[in-house]
Asks: 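Here it is: the structure, laid out below.
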Amino acid sequence: MDARLEINRSCGTCTKCCEGYLPGTAHGYDFYPGKPCHFVTKGEGCSIYENRPEHPCKSFECMWIINPDMPAWLKPDLADVVVTRHEKSGISYWCVTECGKTIQSSVLSWFFTYANRNSINLVWQCEGGWNAIGTSDFLDVWNRPIDA
């Protein structure tokens, strides 16, 4: 069996996805950039883990957890980014969201290199602004005004 398929990662004390860098609602409580989830204690975890909602909590996919290619130092609480996979107009892309600090050049460099080698469309946040690289089809969709 391919050793890459035997990845066994867990959140541990990482709570970046719940700390208010990503939007969602859990049992009627909204969380969004600047407002953490009502049920999270930073560095400890979720107080309702066993009863957390399906969406966004149980269905959330942290790319660091599921992608064996991502090195240990890119764990969200170490790299200060959360990486998620999305789709827009049928085109898949990865989204790298800053978690309270400007993205480190080493983190950004790793994602640029990885996205280029693996033909991944990439969106990243830098100092609160959003940027994208990828196929021309993706960039056309990404840059299209919301009203279009």
Side-chain angles (χ1 to χ4, degrees), residues 1-115 118-134 138 141-147:
M1 178 181 223
D2 184 352
R4 292 175 19 148
L5 298 177
E6 296 177 20
I7 189 166
N8 187 17
R9 293 181 173 174
S10 67
C11 303
T13 59
C14 180
T15 55
K16 290 294 184 187
C17 61
C18 305
E19 290 178 22
Y21 303 109
L22 303 175
T25 301
H27 296 299
Y29 292 93
D30 293 334
F31 53 97
Y32 47 82
K35 183 180 180 190
C37 177
H38 176 78
F39 301 103
V40 72
T41 300
K42 185 177 178 181
E44 290 183 26
C46 177
S47 64
I48 60 161
Y49 189 80
E50 295 302 320
N51 296 312
R52 69 197 188 283
E54 179 63 34
H55 182 75
C57 305
K58 288 180 182 177
S59 64
F60 177 74
E61 291 187 323
C62 172
M63 291 304 292
W64 183 82
I65 294 280
I66 65 173
N67 187 326
D69 293 337
M70 290 179 66
W73 61 270
L74 284 177
K75 185 175 182 182
D77 61 348
L78 300 176
D80 290 312
V81 295
V82 173
V83 184
T84 51
R85 182 176 37 207
H86 301 274
E87 192 171 294
K88 186 172 183 179
S89 298
I91 301 173
S92 162
Y93 66 96
W94 284 19
C95 181
V96 181
T97 303
E98 292 176 320
C99 294
K101 297 180 182 176
T102 299
I103 192 169
Q104 299 170 49
S105 59
S106 57
V107 171
L108 196 51
S109 178
W110 189 91
F111 282 105
F112 283 169
T113 302
Y114 188 79
N118 294 282
S119 301
I120 295 170
N121 297 307
L122 184 68
V123 173
W124 71 95
Q125 188 178 30
C126 186
E127 296 183 351
W130 290 96
N131 307 278
I133 58 172
F138 171 69
V141 167
W142 181 257
N143 293 317
R144 185 180 308 145
I146 294 173
D147 302 28

Asks: To the nearest 0.5 angstrom, please state how far the CD atom of Gln104 sits from the SG atom of Cys126.
Replies: 11.5 Å
Asks: Can you tell me how far apart SG (Cys95) and CZ (Arg85) are? Round to the nearest 0.5 Å.
Replies: 13.0 Å
Asks: Would you say the side chain of Phe111 lies within less than 4.5 Å of the side chain of Trp124, judging by non-hydrogen atoms?
Replies: no
Asks: So for atom NE2, which belongs to His86, do other residues, nucleotides or ligands contribute more than 12 heavy atoms lying within a distance under 6.0 Å?
Replies: yes
Asks: Report the distance from atom SG of Cys62 to atom NZ of Lys16, rounding to the nearest 0.5 Å.
Replies: 12.0 Å
Asks: Classify the ring geometry of Phe39 against His27: parallel below 30°, tilted from 30° to 60°, perpendicular beyond 60°.
Replies: perpendicular
Asks: Check whether any side-chain heavy atom of Ile120 lies under 4.5 Å from a side-chain heavy atom of Tyr114, and answer yes or no.
Replies: yes
Asks: Roughly how far, to the nearest 0.5 Å, is the CH2 atom of Trp94 from the CE atom of Met70?
Replies: 6.0 Å
Asks: Any donor-acceptor pair under 3.5 Å linking the side chain of Trp64 with the backbone of Pro71?
Replies: yes
Asks: Tell me the closest heavy-atom pair linking Pro56 and Gly24, and the distance in Å.
Replies: CG-CA, 4.1 Å
Asks: Any side-chain heavy atom of Cys99 sitting closer than 4.5 Å to one from Val82?
Replies: yes
Asks: Is Glu87 atom CD crowded by more than 12 heavy atoms from other residues, nucleotides or ligands, each under 6.0 Å away?
Replies: yes
Asks: Can you tell whether the side chains of Lys101 and Asp80 come within less than 4.0 Å, N to carboxylate O?
Replies: yes
Asks: Report yes if some heavy atom in the side chain of Tyr49 is under 4.5 Å from a heavy atom in the side chain of Cys57; otherwise report no.
Replies: no
Asks: Side-chain contact test, heavy atoms from C-beta onward, threshold under 4.5 Å: evaluate it for Leu122 versus Phe138 and give yes or no.
Replies: no
Asks: Would you mind telling me which of Ile91, Ile133, Val141 makes a side-chain contact (heavy atoms from CB on, under 4.5 Å) with Asn121?
Replies: Ile91
Asks: Just checking Lys42: does its NZ atom have more than 12 heavy atoms from other residues, nucleotides or ligands closer to it than 6.0 angstrom?
Replies: no
Asks: Counting distance only, does the side-chain N/O of Lys75 pair as donor-acceptor with the main-chain N or O of Cys11 below 3.5 Å?
Replies: yes
Asks: Give a yes or no answer on whether the side chain of Glu98 reaches the backbone of Glu127 with a donor-acceptor pair at less than 3.5 Å.
Replies: yes
Asks: Taking all non-hydrogen atoms of both residues, which atom of Thr15 and which atom of Thr41 are closest, and how far apart?
Replies: CG2-O, 3.9 Å
Asks: Can you check whether Thr13 reaches Asp77 side chain to side chain, under 4.5 Å on heavy atoms?
Replies: yes
Asks: Distance-only, no hydrogens or angles: does the Ser109 side chain make a donor-acceptor pair with backbone N or O of Ser105 under 3.5 Å?
Replies: no
Asks: Testing Val83, Val96, Leu74 for side-chain contact (heavy atoms from CB on, under 4.5 Å) with Met63, which one passes?
Replies: Val83
Asks: Apply side-chain contact (heavy atoms from CB on, under 4.5 Å) to the pair Tyr32 and Thr25, showing each step before the final yes or no.
Replies: CA-CA 9 Å; Tyr32 47 82; Thr25 301; over 6 Å; no
Asks: Does Val40 reach the side chain of Cys46, with side-chain heavy atoms less than 4.5 Å apart?
Replies: no
Asks: Is there side-chain contact between Tyr21 and Val81, with at least one heavy-atom pair below 4.5 Å?
Replies: no
Asks: If you take all heavy atoms of Trp142 and Ala132, which pair is closest and at what distance?
Replies: CD1-CB, 3.5 Å
